Amino acid sequence: MKTKNFRTLAIASMAVAALGLTSCAGGPPAAVKSELSNGKVVIGVLNDQTGVYRDLSGPNSVVAVQMAVDDYKKKYGDKAVAKNIEIISADHQNKPDVANTQAQQMYDRKDADIILDVPTSSAALAVAKVAAEKKKLFIDVGAATMELTGASCNPYTYHWAYNTKMLAKGAKGVVDNGGKKWVIIYPDYAFGQDMNKSFSEAVVAAGGSVIESIATPFPNDNFATFITRAAADNPDVIGIMAAGGDLVNFVKQYNQAGMRAKADLAVGLMFITDIHSLGVKEFAGTTFTDAWYWNYDAQNRAFADRFSKLTNGSRPTFAHAGNYSAATQYLEAVQRAGTDNPDKVRAQLDGLKVNDVFLRNGVIRSDHSVIHDTYVAKVKSEDQVKEPWDYENIIATIPADQAFPEVNPACTMK
Amino acid sequence: MEAFIQYTVQGLAAGGFYALAALGLAIIFGALNVVNFAHGAFYMLGAVLTAVFLEFANLNFWVSLALVPVILFIFGVIVERLLVQWLLGLDILYTFLLTFGISLVLVDLVRMRFGVSGLPYDQPPGLTGSVHVGAIELPVYQVFVFGFSVLICLLVWLLLTKTRMGMVVRAATEEPERSRALGINVSRWITPVFGFGVAVAGIAGVLAAPFRAITATMGSNFIIILFAVVVIGGLGSILGSVVAGFLVGLVEAYGQGYASNFAQILIFILMAVVILVRPAGLFGRKETS
Amino acid sequence: MFDVTGLYASYGQAAVLHDVSLSIKPGEVVTLVGRNGAGKTTLLRSIMGLHRDCRGAVTMEGKRIETFSPNQRAKAGLGWVPDNRGIYSSLTVAENLTLPPIVGKDAWSLNRVYDAFPALKERRSSMGTQLSGGEQQMLAIARVLRMGARLLLLDEPSEGLAPVIVQSIGRIIREAKEQGLAVLLVEQNVKFAATVADRHYLLAQGRVVEQLSNKDFQLREHELLEHLGM
């Protein structure tokens, strides 16, 4: 009788608790007090779903964010502040105007609390502006421009994975290895000009010299004469700042011209998907700065294995891992803040020192540049490759505090 | 001076490839009065098939060079019979839009299946290394592409000028209605000529595989240059597009050598100048009523 | 041998030919005279199957050909010489001549063509459009003779040519007639028409208003000139 009553009471209280959950904004007493806008957290992934950056970010970034959400739910279970998390995604086609409208729609109509990824510098800057206007959070992962943490920085925008100056830090390793005289070939648009500037500075700072910087049209198919021109300078290193299909065009023609034997090739920005598409043979021996490599250690590998199962065998690019990290740290901040209120969440993010699968010795700096250890990678030769996607030897780690440039005084956070 | 010679040689080498790539466009425009916007997509298919053959069937470059044009010929014939033929009598804009649509579909199908990063392709065996032409060193493959392109252009030219078939095609091209009234079954020639133009695009695609990024969108930018070539040469003129191909190659090489960020703009400046001075292009026929 | 019966033709809403009937016998030269816009060229194009918007019966050597495509009509023996002469600029003179298939057993051999038109022989490897206007006209006529057409449809062959050349065209037409070929000649040059033709059809506003023998035609030349506004 006594036990039966107790059981009834237990069931009743559970029912009341359940009702309480749904009817009032209270919540279970054990968890932190939760205040969610619209009763849910909405994460928007805005990136290139169809164009040249689809493979390095695209739908697989959404997969990475989903993994972060799953991990968060698993970790906190009943205690999670964000019980209801929704992921939405959209295609910005690498166009700033499209990115601008899509971002507004995400924040206003789809109740996005945060937007992630956004490759293509001009598109990223457009979204940063929208985020500042709407006072909503934006963590950029896919774009490289220094502007995000420079004159265009704002309290609601974070730049997570990399930037052009960080990519250029790898040049020091090349110069130290004897690659003193450089010729830089860069596509003549915002990204390429930024990269040219960053690399030229880095090469000179490391004690090398840049004989010539050659601007090329963008996009461009035929690099033959540019290569001849670069070769005429007899450089130790040719730095190519092109990305995507143009990079592949260049490397094929560079190899065909027999330039491998004459000068080392340094690539400004390269994703593992680029090596995969062109084949490791064409890139063998090329050095570049990598923000993260899937086969670097056991932790990375475990993440990459999970990712592979969800993506039909692909390995994650650093952008995918960066998106996972950004989503994870965002949700952790929501958890600590007990709310998705953007100002309270960013109070939790600012100044954070953090380690996760992507961020090693990570610090969210005052300029919202998220610094972390980066790597100098060398593409393996064909006989060193032991499995698909096993393309990189990490030859050096650049500690977080040296990997990124100083805070830009132009960034005033207004 | 040495640099100038080097740029000239490279410009001619690139020009040969442009001439070949634009040839099919000129043939199809000439014979069908169709501005084939899908030409870039057919070129892309040629390259993608080459890469796929190597990866999945272990068919090497030389096999692809023989096989891909045949497949694309058949594909072109199917496209013409199924789609293009119904719009042939209408305003040129209809086929322009149709072929634009065809190119979007083809590009997206390839993108769905193979992604955007593209497919790997090695140097074909036997065509690696460099050769010396005088004091100038050139990649063997570049020389091969040049020679092969010139050879194909020459064969097409012989076919068109020295055979009865070529004569009939030229006549049907110049004035389809009159040719019908002179007892020539023009429709019977339309389909194979379309297929032939597509096959030539395919050859260019096979040649591109070892030295261009093989992606779904590889033809989308390329076709803009090819249109410039065809316009400079004179719409519908086979010889014109070959000459213009070399011209564009040279302009591009000098641009790359001396005014690098203008390399592509120069091509379009050339096009503008040609159109201003000779509206029908270098070898174009004047419009007759 | 060749009959058109009850032919109507229009451009969309606008009717151009009304109930046109005519017939030609082998070895007969018949002209079609009328003002500009009377429908002469449309009639020739309808006979060739190039003008689609028409109905009526067309009979060639007892065979109904109105459903034939233009190239089938050419193969049935119709030889069209268009008013712009129709010389291909991308073909040489010799190629222009040998382009059409041979459709009749009385087709002229290339040698006969060159004998009759020495200028063409001389310039056989020039491009077609490098010829003078008169030479182009010769070439266009020679082409249908070489084809072996049994009915020549000539659209204003004398237009814009010097009198001496017009004379030699007349000579060729008579030679064709002697060979037994039928000729339908569209002409505005009444004097020239009178020198070659057996009969004349007068076309006005898309109708055959009168049929005249060459004798009556010559008697009424002045009246006709006035009527035609020529």
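Fair warning: this is a prediction, and the values are worked out from it, not measured in the lab. In what follows, every heavy atom counts, from backbone to side chain, and hydrogens, waters and symmetry copies are set aside.
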Pairwise distance [atom1]([X]) to [atom2]([Y]) - rounded to 0.5 angstrom:
{"X": "B/Gln256", "Y": "A/Ile214", "atom1": "CD", "atom2": "CD1", "result": "9.5 Å"}
{"X": "A/Thr216", "Y": "B/Gln264", "atom1": "OG1", "atom2": "CD", "result": "8.5 Å"}
{"X": "B/Gln10", "Y": "A/Ile227", "atom1": "CD", "atom2": "CD1", "result": "8.5 Å"}
{"X": "B/Tyr258", "Y": "A/Thr225", "atom1": "OH", "atom2": "OG1", "result": "10.0 Å"}
{"X": "B/Ile214", "Y": "A/Leu278", "atom1": "CD1", "atom2": "CG", "result": "9.0 Å"}
{"X": "A/Ile272", "Y": "B/Ser117", "atom1": "CD1", "atom2": "OG", "result": "11.5 Å"}

Under 4.5 Å from a heavy atom of chain A, the part of [X] involved:
{"X": "B/Tyr18", "value": "side chain"}
{"X": "B/Ala253", "value": "both"}
{"X": "B/Phe222", "value": "both"}
{"X": "B/Ser130", "value": "side chain"}
{"X": "B/Glu137", "value": "side chain"}
{"X": "B/Phe262", "value": "neither"}

Under 3.5 Å donor-acceptor, A/Lys252 side chain and B/Ala209 backbone | yes
N/O donor-acceptor pair under 3.5 Å between B/Gln6 side chain and A/Arg229 backbone = no
Using heavy-atom distances under 4.5 Å, tell me whether [X] contacts chain B through its side chain, its backbone, both, or neither.
{"X": "A/Asn222", "result": "both"}
{"X": "A/Asn220", "result": "both"}
{"X": "A/Ala257", "result": "both"}
{"X": "A/Phe223", "result": "backbone"}
{"X": "A/Gln256", "result": "both"}

Count the heavy-atom pairs under 4.5 Å between each of B/Pro139, B/Pro120, B/Gly115, B/Ala216 and chain A, then report the option with the highest count.
-> B/Pro120
Pair count under 4.5 Å, heavy atoms only, with chain A: among B/Pro210, B/Gly249, B/Gly255, highest is B/Pro210
Within a strict 4.5 Å, meaning less than it, do heavy atoms of the [X] and [Y] side chains meet?
{"X": "A/Gln253", "Y": "B/Arg212", "value": "yes"}
{"X": "B/Asn221", "Y": "A/Pro219", "value": "yes"}
{"X": "A/Val52", "Y": "B/Val116", "value": "no"}
{"X": "B/Gln123", "Y": "A/Glu282", "value": "yes"}

Which atom of A/Ser277 lies closest to which atom of B/Gly118, heavy atoms considered | CB-O, 3.2 Å
Between A/Asp55, A/Asn255, A/Val248, A/Asp48, which has the largest tally of heavy atom pairs under 4.5 Å with chain B?
-> A/Asp55
Chain B interface, residue from A/Gly51, A/Ala232, A/Gly245 that has the most non-hydrogen pairs under 4.5 Å = A/Gly51
Is it true that atom CD of A/Glu387 has more than 12 heavy atoms of other residues, nucleotides or ligands lying nearer than 6.0 Å?
-> yes
Is it true that atom NZ of A/Lys380 has more than 12 heavy atoms of other residues, nucleotides or ligands lying nearer than 6.0 Å?
-> yes
